Protein chains: 2
Amino acid sequence: MTRPFANALELLRAARLRPTRQRLALARLLFEKGDRHVAAEELHGEALAAQIPVSLATVYNTLHQFVGAGLLREVVINPGRSYFDTNVSDHHHFFYEDSGLLRDIPGDSIAVSNVPPPPEGGSIRRVDVIVRVEKAPQKGRA
Amino acid sequence: MTRPFANALELLRAARLRPTRQRLALARLLFEKGDRHVAAEELHGEALAAQIPVSLATVYNTLHQFVGAGLLREVVINPGRSYFDTNVSDHHHFFYEDSGLLRDIPGDSIAVSNVPPPPEGGSIRRVDVIVRVEKAPQKGRA
DNA sequence: CAACAGTTTAGAATAATTATAATTTCTGAT
DNA sequence: ATCAGAAATTATAATTATTCTAAACTGTTG
């Protein structure tokens, strides 16, 4: 079991972000219980429920700073809402269209091959695969 | 060269949408010049520039109706803005992060293999691959 | 051409996010 | 410990894309 950061404090130090009350608390909420996909409002709700006084603006600021520091990855799937993924290793996603649920697909269980070079030049920064799933279980077609 | 619909009128008929002034005009703007990726506001601007009196609300309505009819595909990549893709065949996308430009990758020039079955059940409706490109041309790393 | 359903519209409403400007809190030097 | 300055947080306003609403208009059908 790898534990890259013993605690939130160490994690913030590595990211060169001042360990403030709010950032520490948000880091704990985000990283102390396995892989998650959270929206900003959602995390704000959790923080308030945990008696952590933090404004929504700070939640947004912090999420973006964490993305900048490579601690989070932003996942955009639906118009009008971003999710923040605590798993920053190479992986992809199932997206359940009925519930909006997002689920990781490990990077090594899927393969994307023959990606052509970008026509306008530039370098490939990342390849995202989103597998859209609809609720109905697979059956023979009518 | 395949031309699936001789004109906008035929296309609307096939989609069982009344051929109104606005829908005809928008269909022409969308489909009469090759594959495109347009945002709603953008299309609205084009329509006004072409002297077609149409409200933004109608542009949104029409785009969604076209998606429902399978004439367009909605592509979500950035938070807060949807693009509508006139190419509804099997394909994927390059996304140029600096400019926001979207470019098709033909479906047969890329392969996604070993997609595991969705853990919660359900059937795979579509697999989207987004190749994120950053402007800087590829070089050896420093 | 009248009636009715389907469409369009301006404008209000909503939702997520970002900006602003004032206040508070960290940090490092004393 | 204390202080000054920088950085962070906050409430609130502003912005952006999108959706809703209810009234006005238009296309179709008899």
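Computed from a predicted model, the values in this text were never measured in an experiment. Computation of the quantities below employed the complete heavy-atom set of this structure, encompassing side-chain atoms and omitting hydrogens, waters and symmetry-equivalent molecules.
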Y83(B) to E42(B) - nearest heavy-atom pair and separation: CE2-OE1, 4.1 Å
Touch class at under 4.0 angstrom, heavy-atom based, for P19(B) against every strand present: sugar-phosphate
Co-membership, hydrophobic cluster, residues F95(B) and V127(A), 4.5 Å side-chain: no
Sugar-phosphate, base or nothing in reach of T58(B), heavy atoms under 4.0 Å: base
Nucleotide dG27(D), atom P - distance to CZ of R13(B) in whole Å: 14 Å
5' precedence on DNA chain D between P53(A) and A57(B) (nearest-nucleotide basis): P53(A)
5′-ward residue of the pair G80(B)/R21(B) relative to DNA chain D: G80(B)
Interatomic distance where CD belongs to Q22(B) and P belongs to dT26(D) [whole Å]: 9 Å
Spacing between L24(A) atom CG and dA8(D) atom C1', to the nearest angstrom: 13 Å
Check: D85(A) side chain, N87(A) main-chain N or O, donor-acceptor pair, under 3.5 Å: yes
Closest listed nucleotide, where the reference is the side chain of T20(A) and the choices are dA17(D), dT28(D), dA8(D): dA8(D)
Sugar-phosphate only, base, or nothing, as touched by H64(B) at under 4.0 Å among non-hydrogen atoms: sugar-phosphate
Plane angle bin for H64(A) and Y60(A) - parallel if under 30°, tilted between 30 and 60°, otherwise perpendicular: tilted
Donor-acceptor under 3.5 Å (Y96(A) side chain, E120(B) main chain): yes
Length of the CG-C1' vector between L43(B) and dT18(D), whole Å: 15 Å
Phosphate contact (dT19(D) OP1 or OP2) by Y60(B) side-chain N/O below 4.0 Å: no
Check: H44(A) side chain, V54(A) main-chain N or O, donor-acceptor pair, under 3.5 Å: yes
Heavy atoms of other groups near R21(B) CZ, more than 12 under 6.0 Å: no
Between P of dT16(D) and CD of E42(B), the distance in whole Å: 16 Å
Shortest side-chain distance from R18(B), nucleotide among dA8(D), dT18(D), dG27(D): dG27(D)
Interatomic distance where CG belongs to L56(B) and P belongs to dT18(D) [whole Å]: 9 Å
Distance, rounded to the nearest Å, where L63(A) contributes CG and dA8(D) contributes P: 15 Å
Separation of atom CG in L12(A) from atom C1' in dA8(D), rounded to whole Å: 13 Å
Range on DNA chain C touched by chain B, heavy atoms, distance below 4.0 Å: dA5(C) to dA10(C)
